[in-house]
Amino acid sequence: MVPLRSAMLGLIGAAIGIERSNTKRQQELRSYSVAVQQFCRSSPLRDFHTVQTVPTASAKRPQTRGQALALAGHKANTIITIRDYRCDVMIGAALWGNGHWELEAIADSLRRPEFPLYFGRKSCPLAAPVNPLVCLAKDPTEALKHIEVPEWQRFSGFHERNRRRFPVHSDPVDDIDPPLMREQVPGEPLDRQAWTFGECTVWLLDAGHVDHGNDGDGS
């Protein structure tokens, strides 16, 4: 599993300092395209939480959740929720497009983010700082090859051939023949406040080779 379009655009929005309530700026992020690649295997982690729910009949129009729980008393119900995480994974990402922000400005924001960078929950920050690089590349696969794997990861057993073991999950790219493998996923962020997403197309590109046409910009 890799973080796809919505996750990466959300990460960039946090780095720039865009509030979820800023609909205009959130929409402007959608003008960029992203590609991600997993560089090493990850391990699953399942987390269990208990949540109290209050029957409507026990607390009508409460002002706060605390008041709702107090009114419900022993009638409050407890349910278990499950969250799944991926641990010890290293992800490479490429970003391109002609949006409101220059790629150099986005790279600077990633180096000095306005808001903490995390995936999914605030309790899950990135394990290491990001290391953005603005480069020229013919396609996302070539752009991802510019990523320098940190030294500490090499000590833990990473080898360069690992890059070719995992496909590149990419937004559609101009001047590249569509691959045979494509997926439709709910990864297009439509409204960050309402937490609604639309479907987007994800190309699965071979990390070792891709046919391309004209040169383009990549980050």
Side-chain angles (χ1 to χ4, degrees), residues 1-16 18 20 22-40 42 86 89-107 109-110 113 117-120 126 130-147 163-192 194-219:
M1 296 179 64
V2 294
L4 297 177
R5 177 174 173 78
S6 61
M8 298 311 303
L9 293 182
L11 198 73
I12 292 168
I16 295 173
I18 303 175
R20 287 180 180 170
N22 193 334
T23 304
K24 182 177 184 294
R25 290 293 185 239
Q26 291 287 350
Q27 289 293 325
E28 288 171 342
L29 284 174
R30 294 175 58 189
S31 62
Y32 295 94
S33 299
V34 300
V36 295
Q37 183 185 12
Q38 181 176 337
F39 286 170
C40 63
S42 61
R86 305 298 300 187
V89 64
M90 182 169 59
I91 299 293
L95 175 79
W96 68 97
N98 297 312
H100 178 78
W101 300 271
E102 297 288 341
L103 294 180
E104 289 83 357
I106 294 176
S109 295
L110 287 168
L117 304 183
Y118 61 88
F119 280 130
L126 303 187
V130 295
N131 185 26
L133 170 69
V134 178
C135 65
L136 289 175
K138 297 178 180 179
D139 50 63
T141 301
E142 182 177 304
L144 288 165
K145 291 179 181 178
H146 285 272
I147 293 177
R163 296 177 187 256
R164 301 190 295 272
R165 293 179 178 176
F166 303 98
V168 174
H169 297 72
S170 175
D171 289 342
V173 186
D174 294 336
D175 302 321
I176 294 180
D177 293 333
L180 295 178
M181 295 291 293
R182 284 170 283 184
E183 298 178 342
Q184 291 294 123
V185 300
E188 185 66 42
L190 301 180
D191 189 325
R192 288 288 182 180
W195 214 251
T196 55
F197 301 86
E199 282 202 344
C200 62
T201 301
V202 176
W203 287 5
L204 300 182
L205 304 176
D206 184 354
H209 175 75
V210 64
D211 293 329
H212 50 73
N214 298 327
D215 290 356
D217 292 340
S219 173

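One distance of note links CZ of Arg5 with CG of Leu29; it measures 9.0 Å at 0.5 Å rounding. Distance check: Glu183 CD to Leu204 CG gives 4.5 Å after rounding to the nearest 0.5 Å. Taking NE2 from His100 and CD1 from Ile16, the interatomic distance works out to 8.5 Å, rounded to the nearest 0.5 Å. For the atom pair CG of Asp139 and CG of Asp175, the computed distance is 10.5 Å after rounding to the nearest 0.5 Å.
Across every non-hydrogen atom of Leu9 and Pro189, the tightest pair is CD1-CG, 4.2 Å. Cys40 approaches Val89 most closely through the heavy-atom pair O-CG2, 4.0 Å. Contact between Pro140 and Val173 at its shortest, heavy atoms only, is CG-CG2, 3.7 Å. Scanning both residues, Arg192 and Ser6, for their nearest heavy atoms gives NH2-O, 2.7 Å. The heavy-atom pair separating Leu144 from Ala35 by the smallest distance is CD2-O, 4.4 Å.
Residue Tyr32 is tested with Asn98, Ile12, Ile106 for a side-chain contact (heavy atoms from CB on, under 4.5 Å); the sole match is Ile106.
The backbone N or O of Leu190 sits less than 3.5 Å from a side-chain atom of Gln27, completing a donor-acceptor pair. Judged purely by atom type and a 3.5 angstrom limit, Gln37 has no side-chain atom pairing as donor or acceptor with the backbone of Thr141.
Heavy atoms of other residues, nucleotides or ligands lying less than 6.0 angstrom from CG of Asn22 number more than 12.
Looking at heavy atoms from C-beta onward, Leu4 lies in side-chain contact with Val36 at the 4.5 angstrom threshold.
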- Residues His169, Ile91; criterion side chain to side chain contact (heavy atoms under 4.5 Å, CB included); working and verdict: CA-CA 11 Å; His169 297 72; Ile91 299 293; over 6 Å; no

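By the side-chain contact (heavy atoms from CB on, under 4.5 Å) test, Ala15 is found to be paired with Ser109, Leu110, Pro113, Leu117, residues two or more places apart in sequence or in another chain being considered.
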Determine all donor-acceptor pairs shorter than 3.5 Å in which one atom belongs to a side chain in residues 194-203; sequence neighbours excluded.
| from | atom 1 | to | atom 2 | distance (Å) |
| --- | --- | --- | --- | --- |
| Thr201 | OG1 | Gln184 | OE1 | 2.5 |

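For the salt bridge (charged side-chain N to carboxylate O under 4.0 Å, His left out) condition, the pairs that include at least one residue of residues 27-37, sequence neighbours left out, are Lys24-Glu28, Arg25-Glu28, Arg30-Glu188.
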